[in-house]
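Chain letters run A, B, ... following the sequence lines, proteins first and then strands; every chain starts at 1.
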Amino acid sequence: AQKITQTQPGMFVQEKEAVTLDCTYDTSDQSYGLFWYKQPSSGEMIFLIYQGSYDEQNATEGRYSLNFQKARKSANLVISASQLGDSAMYFCAMRLNTGGFKTIFGAGTRLFVKA
Amino acid sequence: DVKVTQSSRYLVKRTGEKVFLECVQDMDHENMFWYRQDPGLGLRLIYFSYDVKMKEKGDIPEGYSVSREKKERFSLILESASTNQTSMYLCASSLSGAFYEQYFGPGTRLTVT
């Protein structure tokens with residue numbers, strides 16, 4: 001069965017420092033996509049970054065990078081130079097390339113950025 | 001700009017009522033999804049659809065059904081609402097393929113009393 005695990009319910013980081021949010025996944029599929037989304041207190045879901053299972057390079061989008069270790073089945077999100085506006089819930093998700101493109105999420109990590 | 005809209009932001013229903021939650025997207029996306037979001041549990045997939053009239057069970061389909069008669073509309077139905085279905089319900093849509101991100105609606109907070 002497919003599963004996403006986020007083991008950090010809450011994290012604190014000092015403003016301007018980097019932070020890593022952990023995500024491990026489980027699937028027997030070879031082709032899949034990994035995503036991170038941000039959910040601020042306003043509730044909307046904001047797509048941050050994507051990594052394909054066949055991509056050899058780690059994805060980057062501005063201050064966000066995805067540390068993809070396929071053998072360990074991990075897809076950690078790194079936020080560099082944290083800002084107060086980064087305080088939010090962060091969800092890791094996996095999308096399969098078969099079976100109707102099922103997409104599942106982890107339980108999320110709440111990030112608090114301290115001034 | 002992709003738009004996913006949900007019929008209500010807040011809904012209060014009584015136990016045993018039949019509840020319809022509607023989701024509409026305007027970007028011709030093939031895939032649509034229904035999740036419920038509960039504190040500490042993240043987003044859990046209820047049902048998804050990869051084409052008109054096609055549906056697949058997610059991880060927690062019990063007590064729910066869905067309908068997709070038109071490509072842009074995906075409805076979630078609670079046949080007989082129960083208090084344990086009190087939750088935030090999120091609808092999402094996307095293009096087909098593992099490479100595409102999902103676009104989410106604003107959510108419906110359903111309270112069943």
Relative to chain B, which segment of A/Q2 carries a heavy atom at a distance below 4.5 Å: side chain, backbone, both, or neither? neither
Distance-only, no hydrogens or angles: does the B/Q25 side chain make a donor-acceptor pair with backbone N or O of B/K71 under 3.5 Å? yes
Among A/Q51, A/M94, A/M89, A/Q39, which residue forms the greatest number of heavy-atom pairs with chain B at distances under 4.5 Å? A/Q39
So, B/S82 and B/N84: side-chain donor and acceptor under 3.5 Å apart, yes or no? yes
So which residue, B/E56, B/K55, B/E101, ends up with the most heavy-atom pairs under 4.5 Å with chain A? B/E101
Kindly give the heavy-atom pair with the smallest separation between B/H29 and B/R68, and that separation in Å. O-NH2, 3.1 Å
Does any heavy atom of chain A fall under 4.5 Å from the side chain of B/L41, the backbone, both, or neither of them? backbone
Determine the option with the most heavy-atom pairs under 4.5 angstrom with chain A, choosing from B/Q102, B/M54, B/M88. B/Q102
May I ask you to name which of B/G105, B/P39, B/S96, B/G107 has the most heavy-atom pairs under 4.5 Å with chain A? B/S96
A/T20 versus A/N67, side-chain donor and acceptor atoms under 3.5 Å: no
Please determine, among B/F33, B/F104, B/Y50, the option with the most heavy-atom pairs under 4.5 Å with chain A. B/F104
Ignoring hydrogens and geometry beyond distance, is a side-chain donor-acceptor pair present between B/Y100 and B/E30 at under 3.5 Å? no
A/F47 portion near chain B, given a 4.5 angstrom heavy-atom threshold: side chain
Give the member of A/G100, A/G108, A/S31 that has the highest number of heavy-atom pairs under 4.5 Å with chain B. A/G100
Roughly how far, to the nearest 0.5 Å, is the OH atom of A/Y90 from the CG atom of A/D22? 14.5 Å
Less than 4.0 Å between a side-chain N and a carboxylate O, is that true for B/E69 and B/K53? yes
